[in-house]
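Here's the structure we're looking at; comments come further down.
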Amino acid sequence: MMRTILFAAVSTAALAVAAPAFAQDGGNVLTISSEQTTTWVRNFNPFGQTSARYTTLDFIYEPLVVFNRLKGNEPTFRLAESYELADDLKSITFTLREGLKWSDGEALTADDVIFTYGYIKQFPALDFISVSAQLESVEKIDDRTVRFNLIEPNSLIANTIVGMPIVPEHVWADIADPVTFANENPVGSGPMTEIARFTPQVYEQCRNPHYWDADNLAVDCMRMPQLADNPQVLAALADGKLDWATSFIPDIDNTFVAKDPEHHRYWFTPSSLVSFQLSLVTPDENNRKAFNDVNFRRALSMLIDRQTVVDIAGYGYPLVNEDPSGLGALYASFANPEVETQFGQYGKFDADAAIALLDESGYVDADGDGFRDNPDGTPIAIDVMVPNGWTDWIDAVQIATESMAEAGINVKMSTPEAAVWTSSLISGDFSMTLNALASAANPYFPYIRSFNPDDFGKSRFTAPHWENAEVMDLLGRYTQSKDPAEQKSIMDQVQLIVAEALPIIPVYNSPSFYEYNTSRFTGWADAENPKYSPVVSNPNPTRLLQLLDLEPVAK
C-alpha cells in the first residue's frame with residue numbers, strides 16, 4: 001500500500017530501570033564536553049534548537065546519511081543503505097537498511113519517515129531546516145523505500161533531507177505539543193539512546209540495545225559533566241578527565257598538551273565563519289534605522305581590526321576573513337575576483353575610512369553627548385550580545401567595541417546564557433552579536449542557511465533577517481543546474497550581491513576546536529589521518545563516525 005503526504009509549495013523513572021547501567025558497572029565510558037552550560041536540563045527533543053542537549057542529534061537520532069565535507073561531500077550511509085537522485089533532479093529515493101529497530105525494539109520503517117515529514121508539515125515550527133517548502137510530496141514505495149518529490153529540480157537536496165531527524169511514529173503521534181515536548185526518555189535510532197543517569201551536574205547516555213551497527217560500537221556510555229565555560233573545560237582537559245571536547249583553549253600547547261604530551265592531543269582545521277551580525281528587525285526603532293543602512297554596516301566592518309582579534313582573542317588559531325561576500329579562504333576555489341575589486345575595501349580594517357563614511361552618511365553627534373546619532377538625530381545604542389563563558393568571543397567583542405567606541409559609537413557588551421542568546425538570535429530580538437556558521441563542501445549551504453526567509457524564526461543562522469529575492473532565486477537556479485559553468489556564473493552573482501549589501505560582517509574562520517585524550521581510547525581522527533571532521537559539537541554529523549571508530553585501550 002502506498003502512503004503519500006502532500007506538501008504545499010510554501011510551508012506554513014521507568015527508563016532508569018530499563019537502561020543499562022554501564023557507567024556504574026565500569027564499562028567503556030567516554031567522557032565528553034560538547035556544550036557549556038551552568039546546569040543540565042533534561043531535554044532530548046531532536047527538533048529543539050535552543051534547549052535540547054547537544055548529544056541528541058546523531059547519537060540518539062541517527063541520520064539517513066552522513067556527508068563528509070573533508071572528502072568532497074562523500075556519503076557514508078547510516079539508516080539508509082542508498083539513495084538515487086532522478087535524472088531530472090525532481091525526485092530522490094532513499095532505501096532504508098533491512099531490519100532497523102528503534103531503541104525500544106519496535107521496527108523502524110518507511111512509515112516513520114513518512115510520519116516525520118507529515119509531522120513537520122502539521123507543526124511547521126519543527127521544520128528547522130525548511131525542507132517542507134522544497135517538497136511536493138513524500139511517498140512510501142514499500143516498507144524500506146521512500147520517494148521525495150520536489151517542487152523544483154535540486155541537485156543538492158540529499159544534503160538537506162538528511163538534516164531532518166527521523167522520529168518514531170508510535171511515540172510522537174501521541175504528543176500534543178511537540179514544540180515544547182522535552183522528550184526526557186527518548187526512543188531513538190542511534191548508538192547512544194539510553195539515559196542511564198541525569199542530574200543538573202552530569203548525565204550519562206548509554207548504548208542502544210537494538211542498534212543496527214552494534215558490532216562497530218565499542219563505547220558503552222558517554223558521560224557529560226556540566227562545565228560552564230572555556231576555563232572549566234580547560235581545567236578538565238588538563239587534568240585528564242575528558243576524553244573528547246570542543247572548546248577554545250588559550251595557548252593550547254602549554255596549557256593542555258604539556259600536561260601529558262603522550263596522550264593530550266588536538267587538531268584544528270579552518271571551519272566555521274564567525275561574523276558580526278546586526279538584527280535588521282531589532283525592536284529598537286532607532287537602531288533599526290542605522291542597521292538597515294548599508295553604509296553604517298560598511299563603517300562598522302571597517303572599524304573591526306580582524307588581525308588583532310585573531311592574534312589576541314584567538315591566540316592566532318583562526319584565519320582572518322576580509323571577504324565581504326563571506327566566503328573567504330575556505331571557499332577560495334569558488335571566489336569571484338570582482339568581489340575584492342568592487343567591495344574589498346569594506347572588509348578591511350580602516351578606521352579613518354570608517355569615520356569618513358559615517359560622517360558623509362550623516363552619523364554625527366547631534367546632541368553633544370559624545371556618541372554618534374542617526375542622520376535624523378535619534379540616538380543609536382548598540383548592545384553586542386555573546387554567550388556567557390565563551391571567552392574567545394568575549395575577548396573578540398571587547399577588541400571590536402574599543403575601536404567602535406573610539407569612532408563615537410555608543411556600544412556595550414552583554415553575556416547571557418547560551419540558550420537565551422540562541423533564542424534572541426532566532427527571533428531577531430537583539431541588536432548586534434557574534435555568530436558562527438558551520439562550513440560545508442559547497443558555498444550554497446552557508447548562503448541558504450544564512451539568508452533563507454523560510455528559516456526566519458527557526459534558526460539562529462538567519463539572525464540578521466536579511467531578505468533578498470534575487471539571491472534566493474539565484475540559489476534556486478544553482479541547485480537546478482547540472483552545468484558547472486552555469487553554476488559558477490550563478491555563484492559569482494550571489495557573491496557580488498552579498499558583498500555589496502554586507503548583511504553580515506565577516507571576521508574570521510574559526511578552527512574546528514577538537515581536543516582529545518588517547519589514554520583511554522584510540523581510533524581518533526587527526527592531521528595524519530584526516531578521515532572526517534571529528535569535532536563533537538552539535539552541527540557536525542561526522543562526529544557519529546568518530547564515535548564508532550573508537551576502541552578502548554587495553555588495560
Side-chain angles (χ1 to χ4, degrees), residues 11-12 34-63 116-117 119-134 159-167 172 175 177-184 186 188 190 224 246 272-275 277 279 281 385-388 390 393 416-430 433-440 445-446 448-466 504 535-541 543:
S11 65
T12 54
S34 63
E35 64 176 311
Q36 299 169 11
T37 184
T38 54
T39 187
W40 290 132
V41 175
R42 188 164 180 156
N43 187 311
F44 299 98
N45 185 331
F47 304 109
Q49 296 295 289
T50 59
S51 54
R53 300 282 56 82
Y54 281 20
T55 55
T56 302
L57 296 179
D58 310 321
F59 299 136
I60 296 178
Y61 296 93
E62 187 160 39
T116 298
Y117 279 85
Y119 208 52
I120 63 175
K121 179 177 180 287
Q122 181 184 357
F123 299 98
L126 304 181
D127 186 7
F128 59 91
I129 57 173
S130 297
V131 66
S132 297
Q134 303 178 60
N159 293 263
T160 301
I161 286 174
V162 302
M164 179 56 63
I166 305 304
V167 297
W172 288 78
I175 305 303
D177 186 359
V179 177
T180 60
F181 178 50
N183 197 28
E184 294 186 359
M224 279 60 65
T246 177
S272 302
L273 169 64
V274 175
S275 63
Q277 300 183 358
S279 173
V281 296
M385 183 171 60
V386 289
N388 180 42
W390 295 20
W393 281 22
E417 288 293 316
V420 175
W421 170 79
T422 301
S423 180
S424 297
L425 267 60
I426 289 173
S427 67
D429 187 7
F430 69 99
T433 188
L434 269 184
N435 201 357
L437 180 67
S439 57
F445 294 105
I448 197 70
R449 289 167 185 162
S450 296
F451 306 133
N452 185 0
D454 289 337
D455 284 345
F456 291 178
K458 299 177 184 177
S459 167
R460 72 172 172 88
F461 302 123
T462 59
H465 289 69
W466 179 71
I504 62 174
V535 180
V536 73
S537 59
N538 200 27
N540 181 38
R543 62 183 180 162

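Start at 1 with the first residue, then count along the sequence. No experiment lies behind these values; they were computed from the predicted model shown.
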Do the side chains of Thr56 and Asn45 get nearer than 4.5 Å, heavy atoms only? no
Side chains of Thr39 and Glu417, heavy atoms from C-beta outward: is any pair under 4.5 Å? no
Any sub-3.5 Å donor-acceptor pair from Asp454's side-chain atoms to Ser130's backbone N or O? no
Measuring centre to centre across the rings, with the benzene-like ring taken for any Trp, is Trp172 within less than 6.0 Å of Phe123? no
Describe, in one word, how the ring planes of Trp393 and Trp421 are oriented to each other, choosing from parallel (under 30°), tilted (30 to 60°) and perpendicular (over 60°). perpendicular
Between Thr433 (side chain) and Met385 (backbone), is there a donor-acceptor pair under 3.5 Å? yes
Can you tell me how far the CG atom of Asp58 sits from the OH atom of Tyr61, to the nearest 0.5 Å? 12.5 Å
Distance, nearest 0.5 Å, that separates CD1 of Ile161 from CD1 of Ile166: 9.5 Å
Hits for side chain to side chain donor-acceptor pair (under 3.5 Å) against Ser272, two or more places apart or cross-chain, chain-then-number order -> none
Testing the basics here: between Pro446 and Ala440, what is the closest heavy-atom pair and its distance to 0.1 Å? CD-CB, 4.2 Å
CZ of Phe59 to CG of Asn538: how many Å apart, nearest 0.5 Å? 9.5 Å
Check step by step if side chain to side chain contact (heavy atoms under 4.5 Å, CB included) holds for Ile120 and Phe128. CA-CA 9 Å; Ile120 63 175; Phe128 59 91; over 6 Å; no
Could you walk me through whether Thr246 and Asn540 pass the side chain to side chain contact (heavy atoms under 4.5 Å, CB included) test, one step at a time? CA-CA 11 Å; Thr246 177; Asn540 181 38; over 6 Å; no
Mind checking the CZ-CG spacing from Arg449 to Leu437? Nearest 0.5 Å is all I need. 7.0 Å
Check: Glu35 side chain, Tyr54 main-chain N or O, donor-acceptor pair, under 3.5 Å: yes
Between Thr116 and Met164, which heavy-atom pair has the shortest distance, and what is it? CG2-CG, 4.3 Å
Has the side chain of Arg42 got a donor or acceptor atom that lies under 3.5 Å from a matching backbone atom of Glu184? yes
In the structure I gave you, are the side-chain heavy atoms of Lys458 and Gln49 within less than 4.5 Å of one another anywhere? no
Any donor-acceptor N/O pair, Ser423 side chain to Ala419 backbone, under 3.5 Å: no
Side chain to side chain contact (heavy atoms under 4.5 Å, CB included) between Val386 and Trp390, intermediate numbers included: CA-CA 7 Å; Val386 289; Trp390 295 20; 5.8 Å; no
Check whether any side-chain heavy atom of Ser51 lies under 4.5 Å from a side-chain heavy atom of Val41, and answer yes or no. no
Check step by step if side chain to side chain contact (heavy atoms under 4.5 Å, CB included) holds for Phe47 and Val167. CA-CA 10 Å; Phe47 304 109; Val167 297; 3.7 Å; yes
With a 4.5 Å limit on heavy-atom distance, are the side chains of Leu273 and Ile504 in contact? yes
Rounded distance (nearest 0.5 Å) linking atom CZ of Phe461 with atom CD1 of Ile426: 9.5 Å
Validation row: Pro165, Leu57 side chains within 4.5 angstrom (heavy atoms): yes
Atom CG of Leu425 and atom CD of Gln277: how far apart are they, to the nearest 0.5 Å? 7.0 Å
Under 4.5 Å between any side-chain heavy atoms of Tyr119 and Ile175, yes or no? yes
Between Asp127 and Ile129, is any pair of side-chain heavy atoms under 4.5 Å apart? yes
Without hydrogens or angle criteria, can the side chains of Asp455 and Thr462 be said to hold a donor-acceptor pair below 3.5 Å? no
